[in-house]
Amino acid sequence: MTFSEQLTNWYLPNKRDLPWRNTQDPYKIWLSEIILQQTRIEQGLSYYYTFVEKYPTVADLAAAELDAVLKDWEGLGYYSRARNLHFTANSVMDSLNGKFPNSYEELLKLKGVGTYTAAAISSFASKEKRAVVDGNVYRVLGRLYNIEDPIDANPGKKRYQEIADDLISDKYPDLHNQAIMEFGATHCTKHKPKCETCIFQKQCLAFQKNTIDSRPVKKKKNKIQNRYLNFYHIADQNNFLIQQRTDKGIWFQLYQLPLHESLDKRGFDNHIPNLELLGDFEIFSIHPDRNLIHLLSHQKLHIRFWKIEVKELKKIEQHQLVSLADPVAKAFPKPISEFLQNQLKPKLFQK
DNA sequence: AAGCCGGGGTT
DNA sequence: AACCCAGGCTT
């Protein structure tokens with residue numbers, strides 16, 4: 001029995017029932033794959049339901065405003081995925097007559113679709129023989145073959161892809177791809193893999209050599225940068241101010257409260273808002289509200305919110321007025337949306 | 001090749 | 001605190 005046959009024999013009785021496994025519509029499979037990039041299935045599931053419900057076809061997605069798509073993506077992270085999603089929906093409408101591609105080569109041309117996603121969609125939607133290599137596959141193959149090449153360097157990536165290409169089934173590439181990822185996600189897990197009951201135990205080189213916990217190999221460690229952000233909640237009795245982020249970097253094109261970024265911890269500790277930069281408001285009060293630390297994969301954000309009450313708010317350049325009663329019309333980064341949600345709650349229930 | 005891009009879960 | 005998650009893009 002081939003490896004692929006063993007694998008799919010394990011998969012069929014052990015697979016989870018996931019909604020994107022019950023369709024061959026390349027558009028819906030594409031939605032699921034973009035949502036699930038670097039994202040756990042449990043986290044992405046509700047977003048998938050939202051998107052197939054609100055945008056059942058690629059035409060619906062293309063017709064939506066980018067701001068609306070970003071709003072539906074709010075909280076999921078890696079927001080370039082949402083921008084590329086919207087861009088690609090429009091390019092499919094304009095250049096492909098609204099017919100979503102299902103071949104590897106055509107999919108690879110789409111913005112936001114790389115080798116993994118093109119292999120996944122083409123195998124699931126049209127049974128093209130293209131082997132997926134994602135985090136699960138790196139782990140499963142890294143252990144089976146006890147591979148020492150790092151997965152984050154080109155030689156290793158090439159070798160893993162070659163092995164995956166060699167193992168995939170001719171007749172059931174779709175099942176094979178689903179199976180190897182499911183096996184990595186639920187059986188050959190990073191922590192406490194179920195080696196005792198593993199069907200591949202006898203052929204697993206890492207199990208024989210006792211290197212399970214150090215496979216796959218990765219060389220890079222990410223360092224994190226400290227940043228110090230002051231957000232101003234500037235409000236009169238009815239409205240407050242927001243602005244759109246236009247600088248390249250984190251949270252591009254999302255909305256936020258007016259921001260002053262301190263250069264270092266000392267500047268942050270000594271910072272006091274200077275509203276002259278924003279306009280001539282009659283100020284009733286300024287005081288610091290809450291402090292928090294928000295962790296990104298590569299940055300540690302030290303955040304202080306300031307509450308600033310003014311007599312009468314005016315619209316100023318590069319900013320928008322938003323009703324205090326309805327603060328969530330735009331997409332905000334997680335810490336901002338959380339702060340705004342808190343503002344809505346009655347003070348009785350605040351800590 | 002290396003760095004950038006989120007938020008959340010697990011150990 | 002470190003690592004990872006159905007990765008891809010930019011430099």
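Throughout, protein chains are lettered first and strands after them, A, B, ... in sequence-line order, and every chain is numbered starting at 1. None of these values were measured; they are calculated from a predicted model.
- Using atom P as the reference point in both dA6(C) and dC4(B), the two lie 24 Å apart (nearest Å).
- Nucleotide dA2(C) holds its P atom 10 Å from the NZ atom of Lys300(A), rounded to whole Å.
- Within the 4.0 angstrom heavy-atom criterion, no nucleotide atom of any strand lies near Ser32(A).
- In this entry the distance linking CZ of Arg139(A) with C1' of dT10(B) reads 13 Å, nearest Å.
- Using a 3.5 Å distance cut-off with no hydrogens or angles, the side chains of Asn9(A) and Glu5(A) do not pair a donor with an acceptor.
- Comparing dG8(B), dG8(C), dA6(C) against the side chain of Thr115(A) picks out dG8(C) as the nearest.
- If you look at Tyr79(A) and Phe252(A), their ring centroids are not closer than 6.0 Å.
- Distance Gln225(A) CD to dC5(B) C1': 13 Å, rounded to the nearest Å.
- Distance noted for atom C1' between dC4(C) and dG6(B): 13 Å (whole Å).
- For Arg290(A) and Phe305(A), the positive end is not near the middle of the six-membered ring at less than 6.0 Å and at most 45° from its axis.
- Contacts of Gly184(A) with the nucleic acid, taken as non-hydrogen atoms under 4.0 Å apart, are absent.
- Comparing atom distances between the Tyr78(A) side chain and each of dG6(B), dG8(C), dC5(C) picks out dG6(B) as nearest.
- Ion pair Arg130(A)/Glu128(A) flagged as a salt bridge, since at least one NZ, NE, NH1 or NH2 atom sits closer than 4.0 Å to an Asp/Glu carboxylate oxygen.
- Looking at heavy-atom distances under 4.0 Å, Arg83(A) makes no contact with the nucleic acid at all.
- Closest approach to the Lys218(A) side chain among dA6(C), dC4(C), dC3(C) is made by dC4(C) (side chain taken as heavy atoms from C-beta onward).
- Spacing between atom CD1 of Ile293(A) and atom P of dG7(B) amounts to 15 Å, rounded to whole angstrom units.
- Among the heavy atoms of the strands lying under 4.0 Å from His298(A) is at least one base atom, whether or not backbone atoms are also near.
- Considering only side-chain atoms of Thr117(A), the nucleotide from dG7(C), dG7(B), dA1(B) that sits closest is dG7(C).
- Atom-to-atom, NZ of Lys223(A) to P of dA1(C) comes out at 18 Å; the value is rounded to the nearest Å.
- Ranking dC9(C), dG6(B), dG7(C) by closeness to the Thr39(A) side chain, first place goes to dG6(B).
- DNA chain C is contacted by both His191(A) and Val113(A); His191(A) maps to the nucleotide lying nearer its 5′ end (nearest heavy atom per residue).
- Here, dG3(B) and dC3(C) have their P atoms 15 Å apart, quoted to the whole Å.
- Side-chain N/O atoms of Arg40(A) and base N/O atoms of dC4(C) include a donor-acceptor pair closer than 3.5 Å.
- Side-chain contact annotation: Arg81(A) with Thr39(A), donor-acceptor N/O pair under 3.5 Å present.
- For Gln43(A) and dG7(B), a side-chain-to-base donor-acceptor distance below 3.5 Å is present, hydrogens and geometry of angles not being considered.
- Contacts of Lys219(A) with the nucleic acid, taken as non-hydrogen atoms under 4.0 Å apart, involve only primed sugar atoms and P, OP1 or OP2.
- Comparing atom distances between the Gln38(A) side chain and each of dC4(C), dC5(C), dC9(C) picks out dC5(C) as nearest.
- No contact: Lys192(A) has no heavy atom under 4.0 Å from any strand.
- The six-membered or imidazole ring of Phe200(A) lies away from that of Phe207(A), with a centre-to-centre distance of 6.0 Å or more.
- Here Trp73(A) lies out of heavy-atom contact (under 4.0 Å) with every strand.
- Listed nucleotides dG6(B), dA6(C), dC9(C) differ in distance to Trp20(A); the shortest reach to its side chain belongs to dA6(C).
- A donor atom on one side chain and an acceptor atom on the other are found under 3.5 Å apart for Ser285(A) and Glu309(A).
- Distance, Leu292(A) CG to dG7(B) P: 12 Å, rounded to whole Å.
- Looking at Thr211(A) and Asn146(A), their side chains do bring a donor and an acceptor atom within 3.5 Å of each other.
- For Ser297(A) against dG6(B), a side-chain N or O and a base N or O form a donor-acceptor pair under 3.5 Å.
- Rounded to whole Å, the distance from CZ on Arg227(A) to P on dC5(B) is 8 Å.
- Ile34(A) comes within 4.0 angstrom of no nucleic acid atom, judged by non-hydrogen atoms across all strands.
- Nucleic acid contact for Val137(A): none, since no nucleic acid atom lies under 4.0 Å from a heavy atom of the residue.
- Nearest-nucleotide positions on DNA chain B for Pro333(A) and Ala153(A) put Ala153(A) closer to the 5' end.
- Between Glu42(A) and Leu296(A), the residue anchored closer to the 5' end of DNA chain B is Leu296(A), taking for each the nucleotide with the nearest heavy atom.
- For dC5(B), the OP1/OP2 oxygens have a side-chain nitrogen or oxygen of Gln299(A) closer than 4.0 Å.
- Residue Tyr79(A) is in sugar-phosphate contact alone, with no base atom involved, counting any heavy-atom pair closer than 4.0 Å across all strands shown.
- When distances run from any side-chain atom of Trp251(A) to the nucleotides dG8(C), dA1(B), dG7(B), the shortest one goes to dG7(B).
- Using a 4.0 Å heavy-atom distance criterion, Lys111(A) is classed as a sugar-phosphate-only contact.
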